[in-house]
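Please read the structure below before turning to the comments.
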Amino acid sequence: MLILYRIAISAYGFLISLLSLWNTKAKKFKDGRKGLFGKLQMDLDSNQRKDPVIWIHAASLGEFEQGRPLIESIKSDDTPYRVLLTFFSPSGYEVRKHYELADWVYYLPLDTPKNAKKFVETVNPALAIFIKYEFWYYYLKNLTERKIPVLVVSAIFRKNQFMMKRIGKFFKPVLEKIDYYFVQDDVSAQLISKFTPNVLVTGDTRFDRVAKIASEAKTFEIVEAFLGEETCFIIGSSWSSDMKLLVPFIRAYQQEVKFIIAPHNIKEEEIVGIQRELADTTTYSNPEKVSSARILIIDNIGMLSSLYNYAQYVYVGGGLRGALHNTIEAAVYGVPVFFGKHDNNRKFREAMDLVKIGAAFEVTETQELTEIFEKVKSDESKYEKLCQSSADYVRSKTGATEAIMKKVQEIV
């Protein structure tokens, strides 16, 4: 089975090279790895004090957010540790390649025997931390053979993952040698316990991240001037599929409620498209009409996590297309959360937990959203209960970072 794994990795690399001829993301994936080892060696040579390196690997942006609280904790004190952050996907690397708390940020070379051996020998980390789903056979093999401690954090395991099936049995020796697994739930703990007793259910480090953001939430004068004393409904990270559902809803309520829309895509054509569909809009970068507008469109990136603090209601985008965005980023502020319904939402445990406790609602069409919204806003006691449930849920899930850092401190 290992030979099939090697063939799959090689085939993936060939496919990426082929796609890079016309696909922008594939081109970034390929070009970002050119000359990587030479650049990496130069960066590491600049570490003249030879401070120990902690290597943290995330697949993409979502996994980075799970690793971020750990990086902040590692770098919060006057520690001697350098942080090397790697990404597999361009969508993570391109956004966070200048992340200030990482000493170096790189793409991870494909998991071939040659790449993995050279990378691990070059970096020689004091500790390696893999986030959530990232299991690369040759990297883990080289790390464990060199007796470099490895932690897997915020992990989720399912019976249908290939490591859990016969086809993935070649992974067993490296999975057994990983020093510790910090998993999100009891099911994951039971599954990985087949390989090792070194498992602890700590939950998801993202809860610590959103709790910290909420405690330090920024204020925005333009937003406050826009809202005045009116009720605020925020639509975060919306896609076109979300807007098809939301436009009729917004039209029906925009004289009663003020809307803030933060689209996932902030290109001009996307913003213009929204303005074409809706009346009385203005953008954050053009606030002259802010006091008279009923809809404020956020045409920048980086505000949303603090912006949710102004909401009484939130719709989180991506659900209708099977790529739901971060629901706990809104729930931490104690508000009812809506999002589009899709089978893939089952993968987002926190979203399903919020639905289960009645603090969030999946909707498939405008009429369904309207009916639920009417029920919630017309019953003050129900609304307050939902808000409390939402905030309590997030608060109850914090603490993973502290538990993981205790183990990190033991190791390094």
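In what follows, every heavy atom counts, from backbone to side chain, and hydrogens, waters and symmetry copies are set aside.
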Parallel, tilted or perpendicular for [X] and [Y], by the 30°/60° rule?
{"X": "Tyr137", "Y": "Phe171", "value": "perpendicular"}
{"X": "Tyr313", "Y": "Phe373", "value": "perpendicular"}
{"X": "Trp239", "Y": "His325", "value": "parallel"}

Tell me if the centroids of the rings in [X] and [Y] come within less than 6.0 Å of each other.
{"X": "Phe130", "Y": "Trp136", "value": "no"}
{"X": "Phe135", "Y": "Phe157", "value": "yes"}
{"X": "Phe88", "Y": "Phe29", "value": "yes"}
{"X": "Tyr315", "Y": "Phe233", "value": "no"}

[X] vs [Y] side-chain heavy atoms within contact, under 4.5 Å:
{"X": "Glu63", "Y": "Glu134", "value": "no"}
{"X": "Tyr99", "Y": "Phe64", "value": "yes"}
{"X": "Val123", "Y": "Leu40", "value": "yes"}

Establish, from distance only, whether the side-chain atoms of [X] and [Y] form a donor-acceptor pair under 3.5 Å.
{"X": "Glu224", "Y": "Tyr310", "value": "yes"}
{"X": "Asn115", "Y": "Tyr139", "value": "no"}
{"X": "Thr401", "Y": "Ser73", "value": "no"}
{"X": "Tyr383", "Y": "Gln388", "value": "no"}
{"X": "Ser188", "Y": "Asp186", "value": "no"}

Check this for me: does any side-chain nitrogen of one of [X] and [Y] sit under 4.0 Å from a carboxylate oxygen of the other?
{"X": "Glu121", "Y": "Lys117", "result": "yes"}
{"X": "Glu277", "Y": "Arg251", "result": "yes"}
{"X": "Glu270", "Y": "Lys267", "result": "no"}
{"X": "Glu72", "Y": "Arg209", "result": "yes"}
{"X": "Glu100", "Y": "Lys75", "result": "no"}
{"X": "Lys356", "Y": "Asp353", "result": "no"}

In sequence, state the C-alpha distance, the side-chain angles, and the governing distance for Ile261 and Leu278, and then conclude on side chain to side chain contact (heavy atoms under 4.5 Å, CB included).
CA-CA 11 Å; Ile261 304 173; Leu278 297 166; 3.9 Å; yes
Treating Asp111 as the side-chain partner and Tyr138 as the backbone partner, does any N or O pair qualify as donor plus acceptor under 3.5 Å?
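Here the side-chain-to-backbone pair exists.
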Look at the side chain of Asp208 and the backbone N and O of Ala400, then say whether any donor-acceptor pair between them is shorter than 3.5 Å.
yes
Audit row: Val363, Lys341, side chain to side chain contact (heavy atoms under 4.5 Å, CB included) steps and yes/no:
CA-CA 5 Å; Val363 295; Lys341 191 170 186 175; over 6 Å; no
Over 12 non-hydrogen atoms of neighbours within 6.0 angstrom of NZ in Lys50:
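Check passes, neighbour count above 12.
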NZ/Lys132: more than 12 non-hydrogen atoms of other groups inside 6.0 Å
yes
Phe226 six-ring centre to Lys258 NZ/CZ under 6.0 Å and within 45° of normal
yes
